[in-house]
Amino acid sequence: MRVEIWSDIACPWCYIGKARFEKGLAAFAHRDDVEVVHRSFELDPGRPQGDTAPVLEMLAKKYGRTLDEARAMEAHVASNAHSEGLGYRTEGRDHGNTFDIHRLLHLAKARGRQSELLDLAYRANFAEERSVFDAGTLVALGVEAGLDEAEVRAVLADGTAYADDVRQDEREAAELGATGVPFFVLDRRYGVSGGQPAEVFTQALEQAWQGRALQPLGADAEACGPDGCEVPGA
């Protein structure tokens with residue numbers, strides 16, 4: 001069985017949802033027969049590359065909140081991350097265009113290192129003092145994931161490298177009706193949206209294994225879309 005996960009590095013619920021999915025997968029009896037493929041989805045594709053802003057300022061502007069209210073919003077996300085054993089910094093993070101990261105993830109997929117790079121990029125963005133919108137950081141992350149440094153630099157220098165792969169992922173997401181992420185598709189028959197609890201993912205895997213038709217599962221869960229991420233009381 002194949003599970004495809006559409007996500008964006010800038011999406012905190014994708015970071016949290018990945019951890020919850022992996023816990024759900026670990027509880028699935030046929031987990032060794034599941035292939036997981038990560039797909040690209042940009043939350044802010046129109047943002048110019050190199051144009052970054054502090055996350056708290058971005059949140060305050062997007063939702064018309066004060067910086068203190070933005071901090072409270074981030075604290076809510078951090079609490080969810082910490083409950084999954086994930087690191088999460090509520091201040092000092094940047095927000096920007098993630099196209100280059102997605103292109104590198106496709107390179108990593110081609111080299112069999114996609115999961116490694118994805119984990120490193122999530123951790124750098126949400127838990128460490130490392131900006132994933134900096135080319136030097138991306139090169140370092142690629143090397144840490146086991147990629148060849150020269151090849152990583154070449155991909156970053158050529159804006160067309162793996163660009164079609166990113167766009168194809170995004171077209172498929174639109175065709176499947178995904179308007180936000182994380183978005184999970186099991187064998188193109190069964191869909192799960194948002195950072196659901198681990199047990200929901202286990203149930204989805206069990207039902208997809210039994211060959212039931214594509215249908216949504218679980219109550220609404222936090223997700224990120226073009227208009228932003230789920231915010232309590234927004």
Side-chain angles (χ1 to χ4, degrees), residues 2-26 31 34-45 47 49-50 52 55 81 84-89 92-170 172-173 178 181-185 195 201 224:
R2 168 179 283 197
V3 177
E4 297 165 279
I5 306 173
W6 274 264
S7 60
D8 193 4
I9 293 297
C11 165
W13 296 113
C14 296
Y15 175 50
I16 295 167
K18 182 176 184 293
R20 290 174 175 171
F21 169 77
E22 288 172 350
K23 289 180 180 178
L25 178 61
R31 56 187 173 275
V34 176
E35 175 193 11
V36 179
V37 178
H38 295 278
R39 303 290 192 190
S40 298
F41 190 107
E42 295 173 272
L43 289 172
D44 199 358
R47 191 181 192 94
Q49 292 202 3
T52 61
V55 167
E84 302 300 332
L86 301 172
Y88 195 96
R89 293 186 298 115
R93 294 192 294 108
D94 294 332
H95 173 77
N97 182 294
T98 56
F99 189 57
D100 281 347
I101 305 169
H102 285 295
R103 294 195 301 111
L104 278 187
L105 283 166
H106 275 281
L107 166 65
K109 178 185 175 185
R111 301 295 178 262
R113 309 299 294 175
Q114 187 186 49
S115 181
E116 290 81 358
L117 180 57
L118 185 61
D119 284 339
L120 287 167
Y122 274 139
R123 187 162 67 243
N125 188 45
F126 291 109
E128 301 173 348
E129 295 286 346
R130 305 170 74 186
S131 174
V132 295
F133 308 105
D134 172 76
T137 299
L138 290 182
V139 171
L141 291 173
V143 172
E144 288 174 43
L147 300 176
D148 177 76
E149 180 176 345
E151 191 170 28
V152 171
R153 291 186 182 278
V155 168
L156 290 175
D158 178 4
T160 66
Y162 295 99
D164 288 345
D165 298 87
V166 176
R167 298 307 183 210
Q168 179 60 31
D169 279 357
E170 293 173 337
E172 290 184 20
V181 286
F183 185 63
F184 304 77
V185 176
F201 288 117
C224 296

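Only a predicted model underlies this, so the values are computations on that prediction, with no experimental measurement involved. Along the sequence shown, residues carry numbers from 1.
Between Glu144 and Arg130 a salt bridge is recorded (basic side-chain N to carboxylate O distance below 4.0 Å). Using a cutoff of 4.0 Å between basic side-chain nitrogens and carboxylate oxygens, Lys18 and Asp119 are scored as salt-bridged.
Each of Asp8, Asp169, Asn97 was scored for a side-chain hydrogen bond (donor to acceptor under 3.5 Å, both in side chains) with His102, with one residue passing: Asp8. Partner Phe133 forms a side-chain contact (heavy atoms from CB on, under 4.5 Å) with one of Leu138, Asp100, Asp94, Ile9 and no other, that one being Asp94.
For Leu117 against Ala108, the heavy-atom pair with the smallest separation is CD2-CB, 3.8 Å. Heavy atoms only, all atoms of each residue included: Ala124 and Val132 are closest at CB-CG1, 4.0 Å. For Cys14 against Pro182, the heavy-atom pair with the smallest separation is SG-N, 3.5 Å. Scanning both residues, Cys11 and Val181, for their nearest heavy atoms gives SG-O, 3.6 Å. Heavy atoms only, all atoms of each residue included: Ala178 and Phe41 are closest at O-CE1, 3.9 Å. When all heavy atoms of Leu120 and Leu141 are compared, the pair lying nearest together is CD1-O, 3.7 Å.
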- Would you please test Glu170 and Val166 for side-chain contact (heavy atoms from CB on, under 4.5 Å) and show each step? CA-CA 6 Å; Glu170 293 173 337; Val166 176; 3.9 Å; yes

- Could you go through the side-chain contact (heavy atoms from CB on, under 4.5 Å) check for Glu84 and Arg20 one step at a time? CA-CA 7 Å; Glu84 302 300 332; Arg20 290 174 175 171; 3.0 Å; yes

- Dump the intermediate steps for side-chain contact (heavy atoms from CB on, under 4.5 Å) on Leu43 and Thr98, then the final yes or no. CA-CA 8 Å; Leu43 289 172; Thr98 56; over 6 Å; no

- Message: Determine whether Leu25 and Val36 satisfy the following criterion, side-chain contact (heavy atoms from CB on, under 4.5 Å), listing intermediate values before the conclusion.
- Response: CA-CA 10 Å; Leu25 178 61; Val36 179; 4.3 Å; yes

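Taking Phe184 as the reference, Phe21, Phe201 meet the ring-ring contact (aromatic ring centres under 6.0 Å, His included) condition, with sequence neighbours excluded. For the ring-ring contact (aromatic ring centres under 6.0 Å, His included) test, residues two or more places apart in sequence or in another chain that qualify with Tyr88 are Phe126.
The line from CD1 of Ile16 to OH of Tyr122 is 10.5 Å long, rounded to the nearest 0.5 Å. Atom-to-atom distance recorded for Glu116:CD and Leu118:CG is 10.0 Å, nearest 0.5 angstrom. To the nearest 0.5 Å, atoms CZ (Arg2) and CD (Glu35) are separated by 4.0 Å. Atom CG in Leu107 sits 12.0 Å away from atom CZ in Arg113 (nearest 0.5 Å).
No more than 12 heavy atoms of other residues, nucleotides or ligands shown are found within 6.0 angstrom of CG on Asp164.
Judged by a 6.0 Å distance limit and a 45° cone about the ring axis, Arg167 is positioned over the six-membered ring of Phe99.
When side chains are defined from C-beta on, Arg89 counts as touching Glu129, because their heavy atoms get closer than 4.5 Å. Under the 4.5 Å side-chain criterion, counting only non-hydrogen atoms from C-beta, Glu172 is in contact with Trp6.
In this model, a donor atom of one side chain and an acceptor atom of the other lie less than 3.5 Å apart for Ser40 and His106.
Here the side chain of Arg111 pairs no donor or acceptor atom with the backbone of Asp148 at under 3.5 angstrom.
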